[in-house]
2 protein chains.
Amino acid sequence: MSRRIRLEDVAAEVGLSRASVSMVMRGAPGPSADTVERVLAAADRLGYRPDRAASALASRRSRMIGVVLEVRSTFHAELAEEMLAAADRIGYDLLLGPRTPHRDEARAVESLLDSRCEALVLIGTEAPVERLVALDRQVPVVTVGRRMPGATLDVVRLDDESGVSGLVRHMVGLGHRRIAYVRGHDAVIAADREAGYRRAMSEAGLEPHVVAGGKDAEDGVASARSMLAEALPTAVLLFNDQAAIGFMSELARAGVDVPAQVSVAGFDDSPLARLGPVALTTVHQDVPGLTRHTLELIGERLDGGRSARREVVITPEVVVRASTAEVAGI
Amino acid sequence: MSRRIRLEDVAAEVGLSRASVSMVMRGAPGPSADTVERVLAAADRLGYRPDRAASALASRRSRMIGVVLEVRSTFHAELAEEMLAAADRIGYDLLLGPRTPHRDEARAVESLLDSRCEALVLIGTEAPVERLVALDRQVPVVTVGRRMPGATLDVVRLDDESGVSGLVRHMVGLGHRRIAYVRGHDAVIAADREAGYRRAMSEAGLEPHVVAGGKDAEDGVASARSMLAEALPTAVLLFNDQAAIGFMSELARAGVDVPAQVSVAGFDDSPLARLGPVALTTVHQDVPGLTRHTLELIGERLDGGRSARREVVITPEVVVRASTAEVAGI
DNA sequence: TTGTATGCGTTATCAG
DNA sequence: CTGATAACGCATACAA
């Protein structure tokens with residue numbers, strides 16, 4: 001384990017002071033073109049890489065943005081990937097703060113803060129709003145994917161309500177009248193999506209039928225079982241794609257054909273939606289759009305001097321695939 | 001944005017020196033029980049959190065382990081989650097270094113090193129062996145999931161070859177004789193799995209039939225298309241679950257029944273395998289086992305003074321599910 | 001058991 | 001345009 005190359009080593013190599021080399025390394029104005037070239041060459045030759053800890057300490061800036069996510073979620077992962085590139089473009093680095101069943105959101109946030117992140121992106125946060133507002137006083141916070149009722153926070157999200165409404169209208173357009181909704185348990189998102197369902201059903205003059213569910217494939221399986229035990233509607237909307245996939249697989253096992261007998265739709269347009277034997281009709285999450293707006297908000301707060309909070313709402317699109325069809329026997 | 005609480009603030013609060021507070025904070029022996037209590041109370045009251053950058057700089061230790069992974073992969077994500085907990089137990093923190101199509105492995109490694117990671121875990125690395133050996137001279141490296149032919153490196157992996165052999169034997173036991181293998185394009189893993197296939201086929205006195213494929217669902221779809229255009233074997237093994245899922249979904253679209261007409265198997269036992277309408281027979285990746293061994297190796301290198309390199313090979317188990325059945329019409 | 005002094009690798013201010 | 005030099009927040013050997 002050889003010692004790390006320091007600024008001083010590079011300075012010695014080119015016969016300059018550490019200060020000059022430092023300026024060159026971070027592209028500060030000052031050094032002559034000739035100096036820049038020599039320093040860069042020497043740094044490259046020696047394999048010098050600036051020490052982030054030292055740099056952060058001295059500059060009081062880490063140039064890092066913390067992202068709290070659920071690594072398990074492919075949707076979160078997609079967002080993180082996209083944000084990685086976007087952050088790079090505005091000269092920041094991303095620090096991932098994974099949230100798991102054994103490591104709650106608060107812990108992830110603490111860890112990110114310990115690492116001196118200058119701003120925080122919370123994907124699909126489940127923390128109470130007051131806590132987030134408090135956090136936002138320490139460091140700029142942007143929440144992604146969830147409405148923040150009555151809070152002054154930066155938010156980037158899909159219009160969940162209109163997404164599900166669109167799904168209902170799609171079903172109605174196919175002639176369905178018995179359309180059920182299997183809700184998630186999340187406080188806000190689930191409520192919004194359910195509201196979209198209820199609104200669209202009422203607009204179509206139909207009776208809503210909401211049942212409890214969840215966000216995982218297993219939840220979808222369970223929902224299917226209980227629905228099979230009772231009467232099956234002609235169309236079922238589920239909280240998200242995961243649940244919808246589980247739901248469909250259980251129907252398949254029971255010999256119920258999708259979409260011939262039952263039309264099914266999810267939400268998220270996760271990679272899973274395209275994958276199965278029956279491609280899922282769903283609501284598209286605009287990952288590049290969410291990402292772009294998120295990093296714009298952060299850029300404005302960090303480098304643009306904005307202080308007022310903003311909310312960006314993206315109107316989502318329904319993606320029609322093979323899991324929905326005209327209602328049978330009408 | 002209020003100023004951060006420093007060690008000094010806590011020291012002032014309790015009327016002690018920074019040194020004493022520092023000892024208390026990191027649980028160093030020395031301070032009296034009474035002092036510890038007072039300091040901890042004050043730190044808590046003020047909301048003090050040690051600054052990692054400063055701490056790393058001063059102690060020349062970051063207590064961080066870098067993990068290079070593909071965030072998109074649910075298997076990698078599962079490993080990362082598990083490692084997070086395991087690292088915590090031995091007093092380390094994990095730093096995730098995502099590898100994406102726009103951010104190659106070398107870049108992820110550099111970033112992790114810039115953050116002073118003391119050891120690196122490379123999940124499913126695709127880097128050339130020589131590069132890894134060179135890297136291992138800078139910092140302890142453990143590669144997960146891939147054999148490192150002829151290299152002195154710490155490796156934790158499944159016995160891919162025997163995994164696929166087991167799958168073949170399972171198929172043979174079900175009466176299959178025309179068993180095809182759709183390989184991946186990875187240099188080492190794909191070769192190992194293919195070797196396992198060839199060995200088991202030869203042991204069963206069967207003629208091997210290997211076709212090109214890939215690791216994504218789309219690759220599986222493509223494989224299915226080309227196989228449907230030609231003659232379909234009675235059993236098909238695919239490089240991994242993703243490919244197998246894509247393969248099965250394309251078969252379903254073409255009206256081919258799995259497992260009645262064709263038996264299909266994957267590799268990885270990813271969450272996907274259990275999900276679809278037809279649960280996939282596959283080879284189980286022992287995530288807790290891989291994790292435990294990985295962190296053991298790291299602990300030994302970092303705190304145990306081990307210098308010789310070790311390889312840990314886990315014998316994987318075949319998980320039989322619904323996608324394989326006795327060969328039809330025999 | 002507690003305090004003092006020094007250093008960690010950078011950045012940034014201010015002379016030259 | 002370049003070079004000293006003082007922070008940055010904390011850890012640690014050593015002294016008290």
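Lettering of chains follows the sequences in order, A, B, ..., and the numbering in each one begins at 1.
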Heteroatom pairs (N/O) under 3.5 angstrom, protein to nucleotides 14-16 of chain D:
none

* Basic-acidic side-chain contact under 4.0 Å: B:D192, B:R146 ->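 The answer is no: the pair does not qualify as a salt bridge.
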* Asked: Can you list every pair that meets salt bridge (Lys or Arg N to Asp or Glu O under 4.0 Å) and has a residue in residues 116-132 of chain A, with sequence neighbours left out?
  ->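 Pairs touching residues 116-132 of chain A that pass the test: A:R61-A:E118, A:R99-A:E126, A:R116-B:D51.
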* Asked: In terms of heavy-atom contacts, does NE2 of A:H185 have more than 12 from other residues, nucleotides or ligands at under 6.0 Å?
  ->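 Yes, the 6.0 Å shell around NE2 holds more than 12 heavy atoms from other groups.
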* Quick one: list whatever passes salt bridge (charged side-chain N to carboxylate O under 4.0 Å, His left out) with B:D44, sequence neighbours left out. =>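 Here no residue qualifies.
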* With sequence neighbours left out, what residues match B:R107 under salt bridge (charged side-chain N to carboxylate O under 4.0 Å, His left out)? ->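 Partners of B:R107 under the salt bridge (charged side-chain N to carboxylate O under 4.0 Å, His left out) test: A:D88.
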* side-chain contact (heavy atoms from CB on, under 4.5 Å) involving B:A28 - partner list, sequence neighbours excluded ->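 Once residues adjacent in sequence are excluded, the partners of B:A28 under the side-chain contact (heavy atoms from CB on, under 4.5 Å) criterion are B:M23, B:R26.
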* Not counting sequence neighbours, which residues clear side-chain contact (heavy atoms from CB on, under 4.5 Å) with A:D9? List them please. =>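 Counting only residues at least two positions away or on another chain, A:D9 forms a side-chain contact (heavy atoms from CB on, under 4.5 Å) with A:R3, A:I5, A:R6, A:L46.
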* Asked: Can A:T125 and A:E105 be counted as having a side-chain donor-acceptor contact under 3.5 angstrom?
  ->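 Yes - a donor-acceptor pair under 3.5 Å links their side chains.
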* To do: Not counting sequence neighbours, which residues clear side chain to side chain donor-acceptor pair (under 3.5 Å) with A:T35? List them please.
  =>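 Side chain to side chain donor-acceptor pair (under 3.5 Å) check on A:T35 returns A:S32.
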* Could you tell me which residues satisfy side chain to side chain donor-acceptor pair (under 3.5 Å) with A:S17, sequence neighbours excluded, listed by chain and number? =>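 A:S17: side chain to side chain donor-acceptor pair (under 3.5 Å) contacts with A:S20.
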* Asked: Is there any side chain to side chain donor-acceptor pair (under 3.5 Å) pair reaching into residues 71-80 of chain A, and which pairs are they, with sequence neighbours excluded?
  ->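 Listed by first then second residue: A:R72-B:E81.
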Could I get a table of every N or O pair under 3.5 Å where one atom is in the protein and the other is in nucleotides 1-4 of chain D?
| from | atom 1 | to | atom 2 | distance (Å) |
| --- | --- | --- | --- | --- |
| D:dC1 | O5' | A:G30 | O | 3.4 |
| D:dT2 | OP1 | A:T35 | OG1 | 2.7 |
| D:dT2 | OP2 | A:S32 | N | 3.2 |
| D:dT2 | OP2 | A:T35 | OG1 | 3.2 |
| D:dG3 | OP2 | A:S17 | N | 3.0 |
| D:dG3 | OP2 | A:S17 | OG | 3.3 |
| D:dG3 | OP2 | A:S20 | OG | 3.0 |

* In degrees, rounded to 10°, what is the bend between the two ends of the helix from C:dT1-D:dA16 to C:dG16-D:dC1, using five pairs at each? ->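 The end axes of the helix from C:dT1-D:dA16 to C:dG16-D:dC1 are about 40° apart, to the nearest 10°.
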* To do: Give a yes or no answer on whether the side chain of A:D154 reaches the backbone of A:R310 with a donor-acceptor pair at less than 3.5 Å.
  =>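 It does hold such a pair.
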* Nucleic acid contacts - residues 45-64 of chain A versus DNA chain C, non-hydrogen atoms under 4.0 Å ->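 Here the set is A:Y48, A:R49, A:P50, A:D51, A:A54, A:S55, A:A58, A:S59.
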